[in-house]
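Everything on this sheet refers to the single structure shown next.
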Amino acid sequence: MGNRVKITINGSVHEAEVEPRLLLVHFLREVVGLTGTHIGCDTTNCGACTVLLDGRAVKSCTMFAVQADGRTVMTVEGLAQNGQLHPIQEGFHQKHGLQCGFCTPGMMITAFALLQRVPNPTEEQIRWGISGNLCRCTGYVNIVAAIKDAADKMRGTPAPAGERS
Amino acid sequence: MIPGSFEYFSPQTLPEAVTLLQRYGEDAKVLAGGHSLIPLMKLRLAAPRYLVDLSRIDGLTYIRESEGFLRVGALTRHGDIETSDVIRSGYPLLADAARVIADPLVRNMGTVGGSLAHADPAGDWGAALLAAGAHVVATGPRGGRTIPLDEFFVGTFTTALQPDEILTEIGIPQSQKNSGGAYLKLERKVGDFAIAAVGVGLLLSSTGACEQVGIGLCNVGPTSLRAGQAEQVLRGKKPDDATIARAAETAATESDPADDLRGPADYKRDMVRVLTARALRLAVGRAKGGA
């Protein structure tokens, strides 16, 4: 009954025999051991399980691991490089873009995909971009500020001094 | 939530996929983006024994104009339609609809063909594409056949597709200089299904009368609905305020909503009236060259 899959995750190739009904999020967390990707609602609503699939942000609770065979996945663990936090992670840290932190991995991956496509987003574009990711703590204000901060850093233009976040 | 067990196939060609459907018939389900089917499987409301994944078949993702039609490949994702220049510049009805389907992450996976084949009355494409006068192409063992969308939705979650047929393309009459459209959706929050939504597609004559008009209603009946009598009110007439008001009232009477957590039926019917009038005004403005 097993199907063999080969998925490139954060730059490393992972091969395994899986049941077709195994969801990608369970593959990531339980087979590969990358528990940064969270299971929130498990019903395609909340976005806590967001990963990049071939560069597009998708909900990993709503696809089977076999669908990702031969494809490239990036999880929250793929953001930091050589022990250096990614500007998006720095932004969430400095602008206090989280409280309980449960939605944060999905939120940051969605932000990453958004900033690849729109390097200098308006507040509306940020809010529209994260509208598939639910946060029950922050009220989103600091998440938006964190993403804006990351966008500025990634473009190499820091936010004006004294600007209220 | 863990779906029931199934056997998974990922054919590389369309004939291969059709052969699998012929072999397994009603026990098989076609998997496209999976954003309707997989949630149903996780809830065990669907438990297909065989899944035929179309995602490795080349040539089912495209948006192009040819021979008088806009042709959209069945595996084209909602997000591709949302960001397409062809759609943005010539098909406001489709552009409006694409950006209000679920949320951005779902739009990265969900496909237009999958949404239609799922035939959920709450699916936005059903109403939008009925308004656009669309047809679909179904490919089966005997090749392809064209099905007008008017004949496609047989019942809730039921279409005119045979068990061994795959929806492969959606065709929409190509936009013209005086054509316009709009899709307006009332929803409780981003990502929810519509309380009610209305799509309008129209073509104005040189005198400003409605030469062609389509009105589609979402989530206010057992299937996606076409408001044929409301269209009749407009056909051949100038869409002035009085005519639009009459058409909107007619569309409301053609809707058949149910009481549920999104609101009572009377409220939804009245929202059909409001949204129809607004969508008509917006579509007329666009047909006349406005934004």
Side-chain angles (χ1 to χ4, degrees), chain A residues 1-5 18-26 30 39-71 103 106-107 109-111 113-114 117-118 121 125-134 140, chain B residues 1-12 28-29 31-56 61 75 77-80 82-83 98-111 114 187-193:
Chain A
M1 205 58 196
N3 289 44
R4 191 133 199 98
V5 295
V18 299
E19 254 195 280
R21 63 172 165 171
L22 183 74
L23 296 164
L24 179 61
V25 69
H26 292 296
E30 291 150 29
I39 300 172
C41 69
D42 208 5
T43 55
T44 331
N45 283 287
C46 80
C49 64
T50 304
V51 300
L52 292 192
L53 177 73
D54 290 341
R56 297 176 87 150
V58 301
K59 294 178 177 176
S60 63
C61 78
T62 310
M63 68 179 293
F64 298 115
V66 287
Q67 289 176 275
D69 181 31
R71 305 196 193 277
C103 72
M107 207 58 95
I109 289 289
T110 299
L114 173 70
R117 214 161 27 80
V118 190
Q125 284 172 314
I126 294 173
R127 287 184 177 273
W128 188 258
I130 61 170
S131 60
N133 295 77
L134 301 185
Y140 301 98
Chain B
M1 293 173 289
I2 313 294
S5 290
F6 58 87
E7 206 172 325
Y8 172 82
F9 298 94
S10 54
Q12 310 278 325
K29 276 297 251 183
L31 178 67
H35 272 48
S36 298
L37 181 58
I38 295 174
L40 285 181
M41 289 174 67
K42 289 171 72 177
L43 294 166
R44 306 263 178 149
L45 293 171
R49 291 176 59 196
Y50 305 95
L51 269 197
V52 180
D53 183 357
L54 302 184
S55 68
R56 290 168 209 277
T61 301
L75 284 193
R77 300 186 194 278
H78 312 313
D80 297 332
E82 187 183 1
T83 55
R99 68 197 298 274
V100 296
I101 294 169
D103 65 50
L105 306 171
V106 170
R107 295 199 288 273
N108 278 340
M109 278 300 281
T111 68
E187 56 185 349
R188 299 180 299 181
K189 56 172 276 296
V190 166
D192 195 14
F193 292 111

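Just so it is clear: chains get the letters A, B, ... in the order the sequence lines come, proteins before strands, and each one is counted from 1. In what follows, every heavy atom counts, from backbone to side chain, and hydrogens, waters and symmetry copies are set aside.
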Minimum heavy-atom separation for I38(B) and M63(A), please, with both atom names. CD1-CA, 3.8 Å

Which distance, rounded to the nearest 0.5 Å, do you find between the CE of M1(B) and the SG of C61(A)? 7.5 Å

Shortest non-hydrogen contact between W128(A) and P104(B), atoms and distance: O-CG, 3.3 Å

I need the F6(B) CZ to E19(A) CD distance, nearest 0.5 Å. 8.5 Å

List the atom of L51(B), the atom of F64(A), and the distance in Å for their closest heavy-atom pair. CD1-CE1, 3.7 Å

Report which part of R71(A) has an atom under 4.5 Å of a heavy atom belonging to chain B: side chain, backbone, both, or neither. side chain

d(H26(A) NE2, I2(B) CD1) to nearest 0.5 Å is 4.0 Å

Which pair of non-hydrogen atoms, one from A57(A) and one from L105(B), has the smallest distance, and what is that distance? CB-CD2, 3.5 Å

Tell me which of these, M41(B), R107(B), R99(B), has more heavy-atom pairs under 4.5 Å with chain A than the rest. R99(B)

What residue in T44(A), L53(A), L22(A) has the most heavy-atom pairs under 4.5 Å with chain B? T44(A)

If you tally heavy-atom pairs under 4.5 Å between each of V66(A), V58(A), I130(A) and chain B, the highest tally belongs to V66(A)

Which atom names give the shortest non-hydrogen contact between D103(B) and N45(A), and what distance separates them? OD2-O, 4.3 Å

Y140(A) OH: over 12 foreign heavy atoms closer than 6.0 Å: yes

Which atoms of T50(A) approach chain B - backbone, side chain, both or neither, heavy atom under 4.5 Å: side chain

Does the side chain of P39(B) reach to within under 4.5 Å of the side chain of T43(A), using non-hydrogen atoms? no

So which part of S55(B) gets closer than 4.5 Å to some heavy atom of chain A, the side chain, the backbone, both or neither? both

Side chain of R56(B), backbone of Q67(A): donor and acceptor closer than 3.5 Å? yes

Could you look at D53(B) and say if it's the side chain, the backbone, both or neither that has a heavy atom under 4.5 Å from chain A? side chain

Need one label for L37(B): side chain, backbone, both or neither, based on atoms under 4.5 Å from any heavy atom in chain A. neither

Side chain of K42(B), backbone of D42(A): donor and acceptor closer than 3.5 Å? yes

